[in-house]
Student: 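Sharing a structure with you now.
Computed from a prediction, not measured in an experiment: that's the story for all the values here.
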Amino acid sequence: MTDNQKNRQPEGIPAGGQFAKTSHAPADVSLTEPGAPATASAIIAAGTYPVTLRFVDYDDKLTTEQMGMILEGRWNDAENDVDDRFSDSAYEESVTVARGDLETAVQEGRFDLEWDELDPDEQNEARYAVEERDDSDPVKDLLRNTPPQLMRTSLGSPAGRLSEARWASWHHLDDGGFEARKKVISDLLKESGVDLSAEGVAEAIEELIDNGPGDWHEGVQLDVIFYGDVADAVPVTRFDNDPDAGKEKVLEFAKPNILLIDKWNGSGHDVVIPAPLKRTLARPAEDGSETPQTGRAYLDDSAGGYSWDDVCGLVKSAYGKEGAPRATWA
């Protein structure tokens, strides 16, 4: 970064990353209509080289909020948020490019006004012409730079499936409650394709009940927890013309990590289920309403209430060795 670029950095915003500047080669411009009156915007629009107004540094990544938007399939919201964060640096870079193009045009005798001699409207039109040549895609670059994340997708709330309300209390585990809980968890796993007869599955379910939350209520949920790339867990493609547009995202877990957690008080337990599990993510609702956690992936630390990492201080990568899903479009 040059001294001039450093001086253009907005006050209070760190250099590098989402707010970094970039530099460009000299302009190669010509009037689109020989003999037509030259304007600043025409000079800029005639430029043939692309510009990068939103430069993503190698160590920059998506924010927690941006990742949440993308995991919900809200690509436009994520793009708008990224653009807002770039607004100051992109504005200043567009002015720099426009100044350079006009200076070249003045030196070559193709234009007779310096940047500071333009009125505000002409300056804005020149900037807009620069923006039309912007080839940056910060969302794509930030997503590529974002490291794997600890994520979850919910199989549901088991308390509401109990046939008798009393079995939600740990006081009734010995008079039918344990077996009732075992059936509920078994049903939730079976609905996601788990073979309950596979070796070790019954024992894992019993371990969840023995060591999981004592009392069940609406804040207790059964989740798949995994460590992987955010891009693998997006429910829809970014663009309508993407090859997989219109398809559903399917997550297939060979040996899923299953978490039974009370997100209100943090109690919980996780086990490895030694049998495959499959989840199909729901497409976002057309009315913009939030997709329930049973239909999407979400960050562990954005689950609402206690995260599992809050409770245990996890080695997150341990949930990605055999627990990460194979993601496909179907």
Student: Please determine whether salt bridge (charged side-chain N to carboxylate O under 4.0 Å, His left out) holds for the pair Asp134 and Arg54, giving the CA-CA distance in whole Å, both sets of side-chain angles, and the decisive distance to 0.1 Å.
Tutor: CA-CA 8 Å; Asp134 181 19; Arg54 298 162 178 82; 2.6 Å; yes

Student: So, the side chain of Gln107 versus the backbone of Thr104: is there a donor-acceptor pair under 3.5 Å, distance only?
Tutor: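 Looks like no, no N/O pair under 3.5 Å.
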
Student: Apply side-chain hydrogen bond (donor to acceptor under 3.5 Å, both in side chains) to residues Tyr49 and Asp135 and explain how you reach the verdict.
Tutor: CA-CA 10 Å; Tyr49 72 93; Asp135 68 349; over 6 Å; no

Student: If I take atom SG from residue Cys312 and atom CG from residue Leu259, how far apart are they, to the nearest 0.5 angstrom?
Tutor: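 The CG atom of Leu259 is 8.0 Å from SG of Cys312, to the nearest 0.5 Å.
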
Student: Would one find more than 12 heavy atoms of other residues, nucleotides or ligands at under 6.0 Å from atom NZ of Lys255?
Tutor: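 At most 12 heavy atoms, drawn from other residues, nucleotides or ligands, come within 6.0 Å of this atom.
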
Student: For a 4.5 angstrom cut-off between non-hydrogen side-chain atoms, does Leu260 reach Ile185?
Tutor: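 Contact flag for Leu260/Ile185 side chains = yes.
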
Student: Run the numbers on Glu79 and Arg238 for salt bridge (charged side-chain N to carboxylate O under 4.0 Å, His left out), then give the verdict.
Tutor: CA-CA 10 Å; Glu79 290 169 1; Arg238 182 179 175 190; 2.8 Å; yes

Student: Given 3.5 Å as the limit, does a donor-acceptor pair link the side chain of Asp300 with the main chain of Arg152, or not?
Tutor: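 Judged by distance alone, no pair lies under 3.5 Å.
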
Student: Any salt bridge between Lys182 and Glu207, counting N to O under 4.0 Å?
Tutor: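 A salt bridge is absent here (no side-chain N lies under 4.0 Å from a carboxylate O).
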
Student: Walk me through whether Glu191 and Arg161 qualify under salt bridge (charged side-chain N to carboxylate O under 4.0 Å, His left out).
Tutor: CA-CA 13 Å; Glu191 290 169 8; Arg161 293 193 172 214; 2.7 Å; yes

Student: Any side-chain to backbone donor/acceptor pair from Thr146 onto Leu62? Under 3.5 Å, distance only.
Tutor: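 A pair under 3.5 Å: yes.
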
Student: With a 6.0 Å cut-off (strictly less than), is the heavy-atom count around CG of Asp210, excluding the residue itself, greater than 12?
Tutor: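 Count over threshold, so yes.
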
Student: Under 3.5 Å, side chain of Asp195 to main-chain N/O of Ser197, donor-acceptor pair present?
Tutor: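 A pair under 3.5 Å: yes.
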
Student: For the residue pair Trp167 and Asp175, what are the closest heavy atoms and their distance?
Tutor: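 Nearest pair, atom of Trp167 first, then Asp175: NE1-O, 3.5 Å.
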
Student: Could you tell me whether the side chain of Val230 reaches within less than 4.5 Å of the side chain of Pro148, counting heavy atoms only?
Tutor: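 Of all side-chain heavy-atom pairs linking Val230 with Pro148, none is under 4.5 Å.
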
Student: Evaluate Leu208 against Leu222 for side-chain contact (heavy atoms from CB on, under 4.5 Å), listing each step before the verdict.
Tutor: CA-CA 10 Å; Leu208 275 177; Leu222 188 70; 4.1 Å; yes

Student: Nearest heavy-atom pair of Glu122 and Asp119: which atoms, and what distance?
Tutor: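 Reported closest heavy-atom pair: N-OD1, 2.7 Å.
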
Student: Assess the residue pair Glu72 and Thr291 against the criterion (side-chain contact (heavy atoms from CB on, under 4.5 Å)); give the C-alpha distance rounded to whole Å, side-chain angles, the decisive distance to 0.1 Å, and a yes or no.
Tutor: CA-CA 7 Å; Glu72 291 178 28; Thr291 304; 5.8 Å; no

Student: Hey, does Leu189 have a side-chain heavy atom less than 4.5 Å from the side chain of Leu155?
Tutor: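 Counting from C-beta outward, Leu155 and Leu189 do come under 4.5 Å.
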
Student: Just by modelled atom types, is the Glu203 backbone N or O under 3.5 Å from a matching donor or acceptor in the Glu206 side chain?
Tutor: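 Side chain of Glu206 to backbone of Glu203, a donor-acceptor pair under 3.5 Å: no, none is there.
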
Student: Are the side chain of Asp242 and the backbone N or O of Asp244 linked by a donor-acceptor pair below 3.5 Å?
Tutor: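 Judged by distance alone, no pair lies under 3.5 Å.
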
Student: Could you tell me which non-hydrogen atom of Val194 sits nearest to which non-hydrogen atom of Ala275, and how far apart they are?
Tutor: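 Looking at all heavy atoms of both residues, the shortest contact is CG1-CB, 4.1 Å.
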
Student: When you compare the side chains of Ser289 and Asp287, does any donor N or O come within less than 3.5 Å of an acceptor on the partner?
Tutor: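 Indeed, the side chains of Ser289 and Asp287 share at least one donor-acceptor pair under 3.5 Å.
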
Student: If you look at every heavy atom in Tyr319 and Leu314, which pair is closest and at what distance?
Tutor: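 For Tyr319 versus Leu314, the nearest heavy atoms are OH-CD2, 3.7 Å.
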
Student: Could you walk me through whether Arg296 and Glu290 pass the salt bridge (charged side-chain N to carboxylate O under 4.0 Å, His left out) check?
Tutor: CA-CA 10 Å; Arg296 61 184 170 90; Glu290 184 178 4; 2.8 Å; yes

Student: Using the rule that Ile, Leu, Val, Met, Phe, Trp and Tyr join whenever any side-chain heavy atoms are under 4.5 Å apart, tell me whether Ile225 and Ile258 fall into a single cluster.
Tutor: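 No: no chain of side-chain contacts under 4.5 Å links Ile225 to Ile258.
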
Student: For a side-chain contact (heavy atoms from CB on, under 4.5 Å) check, start with the C-alpha distance between Val220 and Ile261, then their side-chain angles and the critical distance, and finish with the verdict.
Tutor: CA-CA 6 Å; Val220 175; Ile261 184 172; over 6 Å; no

Student: Might you confirm whether atom CD of Glu164 has over 12 heavy atoms from other residues, nucleotides or ligands at distances under 6.0 Å?
Tutor: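 Enclosed.
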
Student: If you apply the rule side-chain contact (heavy atoms from CB on, under 4.5 Å), what do you find for Val250 with Lys278, and how did you get there?
Tutor: CA-CA 7 Å; Val250 179; Lys278 181 186 292 186; 3.6 Å; yes

Student: Side-chain contact, heavy-atom cut-off 4.5 Å: Pro325 with Phe226?
Tutor: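 Yes; the side chains approach each other to less than 4.5 Å.
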
Student: Take atom OH of Tyr306 as the centre, draw a 6.0 Å sphere, and report whether it contains more than 12 heavy atoms from other residues, nucleotides or ligands.
Tutor: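 Not buried by this count: 12 neighbours or fewer within 6.0 Å.
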
Student: Leu150, Val234: one ILVMFWY side-chain cluster at the under-4.5 Å cut-off?
Tutor: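 Each belongs to a different hydrophobic cluster.
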
Student: With hydrophobic residues grouped by side-chain heavy-atom distances under 4.5 Å, do Trp264 and Val311 end up in a single group?
Tutor: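 Looking at the clustering, Val311 is in a separate group from Trp264.
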
Student: If you measure from CD1 on Ile273 to OG on Ser192, what distance do you get to the nearest 0.5 Å?
Tutor: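 With rounding to 0.5 Å, CD1 (Ile273) is 11.5 Å from OG (Ser192).
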
Student: Is Tyr227 reachable from Val271 through a run of hydrophobic residues whose side-chain heavy atoms are each under 4.5 Å from the next?
Tutor: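 The answer is no; the residues belong to distinct hydrophobic clusters.
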
Student: Please check: side-chain N/O of Asp215 versus main-chain N/O of Trp170, any donor-acceptor pairing under 3.5 Å?
Tutor: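 Flag set: sc Asp215 to bb Trp170 pair under 3.5 Å.
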
Student: Under 6.0 Å from the six-membered ring centre of Trp216 and within 45° of its axis: does the NZ or CZ of Arg181 meet both?
Tutor: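 Verdict for Trp216: a cation-pi partner in Arg181.
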
Student: Quick one: does any side-chain atom of Gln221 pair with a main-chain N or O of Pro158 as donor and acceptor, under 3.5 Å?
Tutor: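 Checked: no pair found.
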
Student: Is the shortest distance from a Lys or Arg side-chain nitrogen in Asp137 or Lys140 to a carboxylate oxygen in the other one below 4.0 Å?
Tutor: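 Salt bridge: no.
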
Student: With a 4.5 Å heavy-atom cut-off, do Arg283 and Lys249 have their side chains touching?
Tutor: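 No. Closest side-chain heavy atoms not under 4.5 Å.
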
Student: Linking I/L/V/M/F/W/Y whenever their side-chain heavy atoms sit closer than 4.5 Å, directly or via other members, would Leu143 and Met151 fall into one cluster?
Tutor: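 Yes, because Leu143 and Met151 connect within a single hydrophobic cluster, where side-chain heavy atoms sit under 4.5 Å apart.
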
Student: Can you find a heavy atom in the side chain of Glu248 that is under 4.5 Å from one in the side chain of Leu281?
Tutor: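 Glu248 does not reach Leu281 side chain to side chain.
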
Student: For the OG atom of Ser94 and the CZ atom of Arg99, what is their distance to the nearest 0.5 Å?
Tutor: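 Ser94 OG to Arg99 CZ: 11.0 Å, rounded to 0.5 Å.
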
Student: Please check if the side chain of Asp141 supplies one atom and the backbone of Pro138 the other of a donor-acceptor pair under 3.5 Å.
Tutor: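 No, because the side chain of Asp141 does not come within donor-acceptor range (under 3.5 Å) of the backbone of Pro138.
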
Student: Within this structure, what is the CD1-CD distance for the pair Ile44 and Glu131, rounded to the nearest 0.5 Å?
Tutor: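 Going from CD1 on Ile44 over to CD on Glu131, the span is 11.5 Å.
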
Student: Could you tell me if Arg326 sits above the aromatic ring of Phe253, with its cationic atom closer than 6.0 Å to the ring centre and no more than 45 degrees from the axis?
Tutor: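 Not satisfied by the 6.0 Å and 45° rule.
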
Student: Does some side-chain heavy atom of Lys61 sit less than 4.5 Å from a side-chain heavy atom of Leu142?
Tutor: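 In short, these two side chains do not touch, never coming nearer than 4.5 Å.
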
Student: Grab the two heavy atoms, one from Glu117 and one from Asp112, that are nearest each other, plus how far apart they are.
Tutor: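 Answer, listing the atom of Glu117 first, then Asp112: OE1-O, 4.2 Å.
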
Student: Considering all heavy atoms of both residues, which atom of Ala40 and which atom of Leu118 are nearest to each other, and what is their separation?
Tutor: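 In terms of heavy atoms, the two residues are closest at CB-CD1, 3.7 Å.
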
Student: Is any side-chain heavy atom of Tyr298 closer than 4.5 Å to one of Gln293?
Tutor: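 Result yes, sub-4.5 Å side-chain heavy-atom pair found.
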
Student: Can you tell me if Asp223 and Ser154 form a side-chain donor-acceptor pair at under 3.5 Å?
Tutor: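 Present: a donor and an acceptor within the cut-off.
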
Student: Show your reasoning for whether side-chain hydrogen bond (donor to acceptor under 3.5 Å, both in side chains) applies to Asp262 and Asn265.
Tutor: CA-CA 6 Å; Asp262 182 338; Asn265 65 25; 3.1 Å; yes

Student: When you measure from the side chain of Thr63 to the backbone N and O of Gln66, does any donor-acceptor pair fall under 3.5 Å?
Tutor: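 Yes.
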
